[in-house]
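Structure first, commentary second.
The sequence lines fix the lettering, A, B, ..., with proteins before strands; numbering per chain opens at 1. Fair warning: this is a prediction, and the values are worked out from it, not measured in the lab.
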Amino acid sequence: MFSANTNFVADNAPLLHNLNPEQLAAVTLPTGHALILAGAGSGKTRVLTTRIAWLLQTGRVTPGGILAVTFTNKAAKEMVVRLGTMLPVNVRGMWIGTFHGLCNRLLRAHYKLANLPSTFQILDTQDQLSAIKRLMKQFNIDDQQYPAKQTQWFIGNCKEEGLRPDAVEGHDPQTRKKVEIYALYEEQCQREGVVDFGELMLRSYELLRDHDSVREHYQRRFRHILIDEFQDTNKLQYAWIKMLSGYGAKDLAAGTSIPGGSVLAVGDDDQSIYAFRGARVGNMADFVREFGVTQQIKLEQNYRSFSNILDSANQLISHNSNRLGKDLRTDQGPGEPVRVVESPRDLDEAQWIVDEVKQLVRDGMARQEIAVLYRSNAQSRVIETALFNAAIPYRVYGGLRFFERAEIKHALAYLRLLENPNDDTSFLRVVNFPPRGIGARSLEILQDTARSSGCSLHDAVSAIPGKAGANFGAFVAKLDVLREQSQGLSLREIIDLVLDHSGLLAHFKADREGEDRVENLEELVNAAESFVSQQGFGRDAVALPVDELGVPLTQSPASQGLDPNTPATEGFIDQDSGETLSPLAAFLTHAALEAGDNQAKAGQDAVQLMTVHSAKGLEFDAVFVGGMEEGLFPHENSLSDRQGLEEERRLMYVAITRARQRLYLSFSQSRLLHGQTRYNPRSRFFEELPESALKWITSKTSGYGSSSFTPKSIAAGAGGYSAGGRFNKEDAPFASPPVPPQKEAPSHGLRVGMKVFHTKFGEGKVNLLEGKGDDARAQINFPRHGVKWLALSVAKLTPVP
DNA sequence: GAGACGAGGTTTTTT
DNA sequence: ACCTCGTCTC
């Protein structure tokens, strides 16, 4: 993939070929900070990579002066691959990766200054949670009062705010207790030589902040810093960028004149959908202000969708306030109208989608070019069932990723213990797996011993007497033998050895249901194999500085184009010389930072099912968005405040702009959710779309008896609905809640949108209605008391005219 | 140490 | 309704 590109032509005409004026301006921006507002489908990635290629090719920067940051490994990989097609240059020397990958790289290079062991391991979210649980158990902290999940969230938030335990203000006993746990957790991690994801960011930020020589070195080195998806950065990531670019607080205060690099931030405020996990769209405005950005470019030419789709997106998003402002345009014609489909039940909605998918496929569309999107994962089930019954191949995104599977985590735990015996999380995971007669009681003793002598579980083993001690001893001895035997072996051989001698493979082979797990373990060997070949670790090869990317970063010297490594400062080496990471350590890092695919096996031409969130960045010929109902999309948990609603609207914007040719928005009068049938009005977003771009369709009422897919309806094909029957908005079906088909109508007489009076809460408005008879409940928004769910058989409500 | 049973929780997700 | 997790029992 990176071998010399024979099509390469030395002058940069082909590089800039076919760029529109805005793209060209962005690619050839002069030195200085800049913000690019890149709309959906506007060629953002192309601009970013062409920019880098242009900078290199025109000699404005050497590879060593480039720092490019993305959020996902996928995006980083794509950037590297695309660069490879543009330039004959290898990418060594350039720092291209995710925030966390780059932080890892910084910390590995300066582990001593960062106060970490050279073998430090990375805790993923699961590991972190179990580490917290273990700690809370050990210190007898009530997990009813302080749920581990909540504590994890608290710690993560503190780190994102850049706060160490001593800096967190605890105004109430609850918070003070959490801070205490936070401090204990930090101690534990430090003792065990592990860092969580938040720690990677924070520790590398502090490294830059506290060590002038390090910071200044990188500030001098990185002449061009490019950040993708800038709207998704959190507070700490923004601060990290400031540090690297010479805008750190210290530099400003001290007035040092480090010639900071140019920061190019690329993002789209309209596609900011991760506020719930700490992303701050406000960073875009802050960036413009704090960096004195004078160059702003909007990429509004869309190369993806027809104008009916784009008009819908534009009009919807115009209902948001505080936008930086942007309108997508296209040269393609209007295209097909956006089809809006109403169904009586979720089952009918699913059936309608299936029928339409069949029609599209019959018309020649590839199944993998068709996506069904939904707001929440719970919605996928009905659609899966319908697709399954119709024998249409499909892929569901989401769920456990490869390196997160239990058997893989077990294997990795053994491998991690070879590298770092003090990793107690890994120790506990496998000390009795496969079972070797070590029970909870023995473990308790071991943990107490370790705590009182302040050492790791591994080191405490020798102090345990009796039979338990012997069992522990055997386990530790096994690890020691494995560690000994693994010396000089290739990564593949090490993994084979561990799978075999740990008993993992035998354990799952003996299990009747363990077939998949055995397969996965074998897949782990393959993953290691391909990791090694991509990284260029040969058995005798010199270990190279680790890089988190699963792309070839090493080439034979002959194929290296430009000067690969350009330490910008004399006498300062990025990687501590002599300190290299073993293939095993590199692989473990890779496993932690890149959890692998979270999708079903690729290859088969299958319809794509995923949440709107995971569809970000993707595009399809045809897109179905199901469950367009109030309470679902926008989600009821987001309705209480304006910001929440605006994020839902951006989410909808993302959903719409995924479609190239055809877009279907569908809603159902009733839906089974959490075991109850709910009747929600159609989404308010329909009122925000341009009527002229829409075509309203009513899916055929397929009867309320059988819900299974019959051969008859296959024959009926896409004719299972009546097209063109646009209904009148004035007498839309939701003037009153639809009557549940086989059941009696709600007897309470309430309707969504109705004003009601409650003796305690006062006046309120009905948000949602669900259930029937004695189970009937209403969600009511009381301006004074917030949103409440009330059982109608109990609550005394009087309608207010 | 494995299977049964009950409780709790169900917006979105990457590293 | 359904799935995951933890605990209890045999």
In whole angstroms, how far is the C1' atom of dT13(B) from the CZ atom of Arg401(A)?
9 Å
Winner on side-chain proximity to Thr125(A), out of dT14(B), dT12(B), dT15(B), is dT15(B)
Determine: side-chain N/O of Asn234(A) to OP1/OP2 of dT14(B), distance under 4.0 Å, yes or no.
no
Grab the CD-P distance between Gln676(A) and dG9(B) for me, whole Å please.
17 Å
Can you check the Leu639(A) CG to dT11(B) P distance for me, whole Å?
13 Å
Using the rule for Phe, Tyr, His and the six-membered ring of Trp, do Phe71(A) and dT15(B) stack at under 5.5 Å and under 30°?
no
Evaluate side-chain hydrogen bond (donor to acceptor under 3.5 Å, both in side chains) for Asn234(A) paired with Tyr274(A), printing each intermediate quantity in order.
CA-CA 10 Å; Asn234(A) 64 32; Tyr274(A) 286 113; over 6 Å; no
Tell me which nucleotide among dT10(B), dT12(B), dT14(B) gets nearest to the side chain of Ser376(A).
dT12(B)
In terms of side-chain heavy atoms, does Glu630(A) have a donor or acceptor partner in Asn680(A) at a distance below 3.5 Å?
no
Counting only distance, no hydrogens or angles, is the base of dT12(B) paired donor-acceptor with the side chain of Ser638(A) under 3.5 Å?
no
Please determine whether a side-chain nitrogen or oxygen atom of Thr72(A) lies at a distance below 4.0 Å from atom OP1 or OP2 of dT14(B).
no
Counting the atoms with a prime plus P, OP1 and OP2 as sugar-phosphate, which does Phe99(A) contact under 4.0 Å by heavy atoms, base, sugar-phosphate, or nothing?
nothing
Among dT15(B), dT13(B), dG1(B), which is the nearest nucleotide to the side chain of Thr98(A)?
dT15(B)
How close or far is atom P of dG9(B) from atom CD of Gln150(A), stated in whole angstroms?
11 Å
From the candidates dT15(B), dC3(C), dT11(B), the one with an atom nearest any side-chain atom of Arg381(A) is dC3(C)
Name the orientation class of the two ring planes belonging to His590(A) and Phe531(A) (parallel below 30°, tilted from 30 to 60°, perpendicular beyond 60°).
tilted
Would you say Arg203(A)'s side chain and Ala114(A)'s backbone share a donor-acceptor pair under 3.5 angstrom?
yes
Quick one: is Asn377(A) getting a side-chain N or O under 4.0 Å of the dT12(B) phosphate, OP1 or OP2?
yes
Rounded to whole angstrom units, what separation is found between the CD atom of Gln643(A) and the P atom of dT11(B)?
20 Å
Mark yes or no for whether Ser683(A), through its side chain, and Met628(A), through its backbone, hold a donor-acceptor pair below 3.5 Å.
no
Which nucleotide, dT13(B), dA1(C), dG1(B), lies nearest any side-chain atom of His674(A)?
dA1(C)
Residue met sooner reading DNA chain B from 5', once Glu647(A) and Asn432(A) are mapped to nucleotides:
Asn432(A)
For dT13(B), take OP1 and OP2 only and decide whether either is under 4.0 Å from a side-chain N or O of Thr611(A).
yes
Phosphate-side-chain proximity, Lys133(A) and dG6(C), N/O vs OP1/OP2 below 4.0 Å:
yes
Roughly how many Å is it from OH in Tyr274(A) to P in dT11(B), rounded to a whole number?
16 Å
In whole Å, measure the gap between the P atoms of dT12(B) and dC5(C) for me.
16 Å
NA contact type, Gly437(A), heavy-atom cut-off 4.0 Å: base, sugar-phosphate, or nothing?
sugar-phosphate
Within this structure, what is the CG-to-P distance between Leu400(A) and dC3(C), rounded to whole angstrom?
14 Å
Using the aromatic ring of His100(A) (for Trp, its six-membered ring), decide whether it stacks on the base of dT15(B) within the limits of 5.5 Å and 30°.
no
Asn637(A) side chain, from C-beta outward: closest of dT11(B), dT15(B), dT13(B)
dT11(B)
Without decimals, in angstroms, what is the distance between Asp196(A) CG and dT13(B) P?
21 Å
If you find the nucleotide of DNA chain B closest to His635(A) and the one closest to Arg436(A), which residue's nucleotide is nearer the 5' end?
Arg436(A)
Over 60° means perpendicular and under 30° means parallel, so tell me whether Phe433(A) and His507(A) are parallel, tilted or perpendicular.
perpendicular
Hydrogens and angles aside, do Ser638(A) and Glu648(A) bring a side-chain donor and acceptor to less than 3.5 Å of each other?
yes
